[in-house]
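Below is one structure; the comments refer to it alone.
Whatever order the structure lists ligands and atoms in, that order sets their numbers, starting from 1. These figures come from a predicted structure and were not determined experimentally.
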Amino acid sequence: MIATITMPRLLYIGGGAVAETTTALARLSASRPLIVTDQFMASSGILARLTDRLHAAGIAWQVFADTVPDPTTEVVKAGVARLKEGDFDCLIALGGGSPIDTAKAMSVLAANGGEMRDYKVPNEIPKPGLPLIAIPTTAGTGSEVTRFTVITDSERDEKMLIMGLACCPAAAIVDYELTLSMPWRLTADTGIDSLTHAIEAYVSRKASPFTDGVARAAMGLIAKNIRSACREPDNRAAREAMMLGATKAGMAFSNASVCLVHGMSRPIGAFFHVPHGLSNAMLLPEITAFSAPAALDRYADCARAMGLVPEGEGNQSAVARLLDELRALNDELKVPTPKAYGIAEERYMELLPVMASQALASGSPGNNPRVPNADEIVALYKRVYD
Ligand code: NAD
């Protein structure tokens with residue numbers, strides 16, 4: 001099997017790496033950036049850490065700070081209009097997955113025209129757009145190294161997956177110091193998001209020896225540090241490990257794809273506005289229990305990579321430990337069920353057929369070790385509800 005690996009051309013990783021943005025610009029021969037970010041970054045001083053550097057290097061920039069969590073087609077359109085107003089030669093995305101995904105979508109739409117839904121998987125993106133430097137502030141979606149962007153179609157309430165080389169940033173600046181301000185809930189949600197990426201990349205039918213290595217490394221880093229990062233927000237070693245884990249998980253799933261958890265998670269996010277990491281977390285233990293019999297050895301490896309299994313223990317009990325740990329993690333990190341989150345039962349049940357068909361259409365369930373049909377997906381949605 002030949003694995004095709006897509007990655008940014010440049011990666012700067014470590015505390016203070018945001019200072020390297022000017023070096024990255026120079027190496028990409030770019031000098032007129034539009035910064036894509038959100039209001040929190042603009043008002044909290046995080047944006048200033050970037051713009052101070054640009055200013056000192058004599059680089060003129062402009063800012064589009066109107067991105068929203070779980071970016072929509074409307075926001076992308078507004079961003080493209082902003083992009084077309086100026087003479088920009090690159091984009092810099094600063095923030096969590098939402099500003100990064102917005103910037104990717106802006107680059108794609110500005111270069112190719114049409115509507116965002118024209119590029120939804122399985123459609124191809126004809127032309128690459130302006131190069132993007134991605135600077136994540138959550139740990140995280142891994143979007144800084146992935147060839148995906150996830151945009152909600154406001155008219156159809158659908159979280160669309162858009163995929164291709166054109167969505168892969170040219171450079172990623174991975175600076176864990178930017179995550180020190182993350183509150184407990186965001187740390188937990190984004191941490192479980194990256195753990196889900198690593199597990200799904202490892203069990204995916206598209207996994208390769210390359211993605212296996214980074215996925216296992218990511219699982220170890222995240223499993224061993226997620227509790228400390230939540231409990232002790234200033235624990236720099238835990239924050240650094242979580243950031244590195246999130247980026248490695250991004251490299252893994254960008255090249256091995258995600259599976260059933262993500263396929264089912266996107267419709268929950270689109271219809272009920274549940275943060276992405278949280279909807280993954282709601283699903284992860286039950287979907288793992290459903291899928292594990294079809295790939296016991298792979299899930300057992302996940303438990304081992306997470307440091308859960310004593311030497312010499314067999315696959316069956318390793319998988320039992322994995323399920324126990326995922327449930328314990330959800331308890332400790334106070335992950336609610338959809339019901340406890342406040343999603344009305346009637347509306348949830350009524351939407352299940354549409355949610356199942358959107359999940360299947362995204363293609364992600366087809367990568368799962370156990371490929372479900374629509375009825376099985378509906379049954380799984382029901383099982384996790386309360
Ligand atoms: P986010 O970008 O939506 O941000 C959530 C909130 O956290 C925002 O209010 C933001 O201002 C705040 N925030 C961000 N960094 C912070 C910090 N350091 N300190 C304090 N607050 C901070 O969150 P996210 O979970 O990183 O991104 C979610 C989005 O990413 C979803 O739309 C999801 O679908 C997408 N996603 C994309 C990929 C991909 O490969 N493209 C992968 C996974 C998820």
Side-chain angles (χ1 to χ4, degrees), residues 6-8 18 36-47 49-50 65-73 75-76 93-105 107-108 121 132 134-152 158-164 166-169 172 175-198 200-201 229 233 239 242-243 246-247 249-258 261-263 265-270 273-281 362 364:
T6 302
M7 250 193 287
V18 71
V36 179
T37 189
D38 65 24
Q39 292 297 335
F40 172 79
M41 298 294 138
S43 61
S44 64
I46 297 182
L47 175 61
R49 282 153 83 169
L50 168 65
D66 294 334
T67 67
V68 292
D70 298 319
T72 59
T73 39
V75 172
V76 173
L94 175 73
S98 297
I100 298 175
D101 278 11
T102 307
K104 291 178 175 185
S107 169
V108 166
V121 289
L132 168 66
I135 312 179
T137 63
T138 60
T141 66
S143 181
E144 67 277 7
V145 292
T146 74
R147 61 194 168 102
F148 307 120
T149 179
V150 182
I151 302 295
T152 299
E158 180 183 356
K159 254 189 149 183
M160 302 180 292
L161 179 63
I162 292 125
M163 176 168 93
C167 291
C168 187
D175 182 347
Y176 76 88
E177 290 179 0
L178 303 178
T179 67
L180 289 167
S181 54
M182 280 205 292
W184 188 89
R185 181 76 267 158
L186 187 62
T187 306
D189 291 350
T190 53
I192 300 195
D193 187 23
S194 47
L195 180 62
T196 311
H197 291 153
E200 292 217 282
R239 291 290 198 186
M242 291 298 290
M243 186 81 253
T247 299
M251 286 178 183
F253 88 86
S254 182
N255 293 293
S257 294
V258 278
V261 177
H262 272 77
S265 171
R266 289 184 210 104
I268 298 183
H273 306 289
V274 180
H276 175 73
L278 197 57
S279 53
N280 279 344
S362 75
S364 304

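- Of all atoms in ligand 1, listed by their number and element, those nearer than 4.0 Å to a heavy atom of Thr138 are 14 (C), 15 (N), 26 (O).
- In this structure, Tyr176 has no ring-ring contact (aromatic ring centres under 6.0 Å, His included) partners at least two apart in sequence or on a different chain.
- Taking both residues in full, the closest heavy atoms of Ser279 and Ser265 are given as OG-OG, 2.8 Å, listed atom of the first, atom of the second, then distance.
- The single protein non-hydrogen atom nearest to atom 19 (N) of ligand 1 is Ser181 OG, 2.8 Å, given as residue, atom name and distance.
- The atoms of ligand 1 that sit less than 4.0 Å from any heavy atom of Pro71 are 32 (O).
- For the atom pair NE2 of His197 and OG1 of Thr247, the computed distance is 11.5 Å after rounding to the nearest 0.5 Å.
- Protein heavy atom closest to atom 32 (O) of ligand 1, with residue, atom name and distance, is Asp70 OD1, 2.9 Å.
- Side chain of Thr37 to backbone of Ala65: no donor-acceptor contact under 3.5 angstrom is found.
- Of the protein's heavy atoms, Thr141 O, 3.5 Å lies nearest to atom 42 (C) of ligand 1.
- Side-chain N or O atoms of Asp193 include none that pairs as donor or acceptor with a backbone N or O of Asp189 at under 3.5 Å.
- Summarising the contacts of atom 13 (N) of ligand 1 with Asp38, Asp101, Leu186, the nearest heavy atom is found in Leu186.
- Taking OG1 of Thr72 as the reference point, atom CE of Met160 lies at 9.5 Å (rounded to 0.5 Å).
- Thr149 contributes a side-chain N or O that, together with a main-chain N or O of Asp101, makes up a donor-acceptor pair within less than 3.5 Å.
- Put simply, part of Lys159 is less than 4.0 Å from ligand 1, judged by heavy atoms.
- Of all atoms in ligand 1, numbered sequentially from 1 with element shown, those under 4.0 Å from a heavy atom of Gly96 are 2 (O), 26 (O).
- For atom 14 (C) of ligand 1, the nearest non-hydrogen atom from the set Met41, Glu177, Met182 belongs to Met41.
- For atom 24 (P) of ligand 1, the nearest protein heavy atom lies closer than 4.0 Å.
- Where the criterion is an N or O separation shorter than 3.5 Å, residue side chain and backbone included, Phe253 fails it with respect to ligand 1.
- The single protein non-hydrogen atom nearest to atom 21 (N) of ligand 1 is Phe40 CE2, 3.3 Å, given as residue, atom name and distance.
- Among all heavy-atom pairs drawn from Asp66 and Gln39, the shortest one is OD1-NE2, 3.3 Å.
- When all heavy atoms of Val150 and Pro71 are compared, the pair lying nearest together is O-CG, 3.8 Å.
- For atom 3 (O) of ligand 1, the closest non-hydrogen atom of the protein is Ser98 OG, 2.6 Å.
- Counting heavy atoms under 4.0 Å from ligand 1, residue Thr190 touches it through the side chain alone.
- Under the 3.5 Å distance criterion, the side-chain polar atoms of Arg147 are left unmatched by any main-chain donor or acceptor of Cys168.
- Scanning the protein for heavy atoms near atom 39 (C) of ligand 1, the closest one is Thr146 OG1, 3.5 Å.
- For the side chain to side chain donor-acceptor pair (under 3.5 Å) test with Asp70, the passing option among His273, Lys159, His276 is Lys159; the others fail.
- At a 4.0 Å cut-off, not a single heavy atom of Gly140 sits close enough to ligand 1 to count as contact.
- By the 4.0 Å heavy-atom criterion, Pro275 is excluded from the residues contacting ligand 1.
- Taking a 4.0 Å cut-off on heavy atoms, His197 registers as neighbouring ligand 1.
- Heavy-atom minimum distance, Thr146 versus Pro169: O-CD, 3.5 Å.
- For the ligand labelled ligand 1, residue His262 lies outside the 4.0 Å heavy-atom shell.
- Nearest non-hydrogen protein atom to atom 15 (N) of ligand 1 is Thr137 OG1, 2.8 Å.
- Compare Gly269, Cys167, Gly97 by their heavy atoms: the one nearest to atom 30 (O) of ligand 1 is in Gly97.
- Heavy-atom proximity to Pro99, at under 4.0 Å, picks out these atoms of ligand 1: 2 (O).
- Taking every heavy atom of both residues into account, Ser194 and Gly191 meet most closely at OG-O, 3.0 Å.
- Between the CG atom of Leu178 and the CG atom of Leu50 there is a distance of 9.0 Å, given to the nearest 0.5 Å.
- Counting protein heavy atoms only, atom 9 (O) of ligand 1 is closest to Pro69 CG, 4.3 Å.
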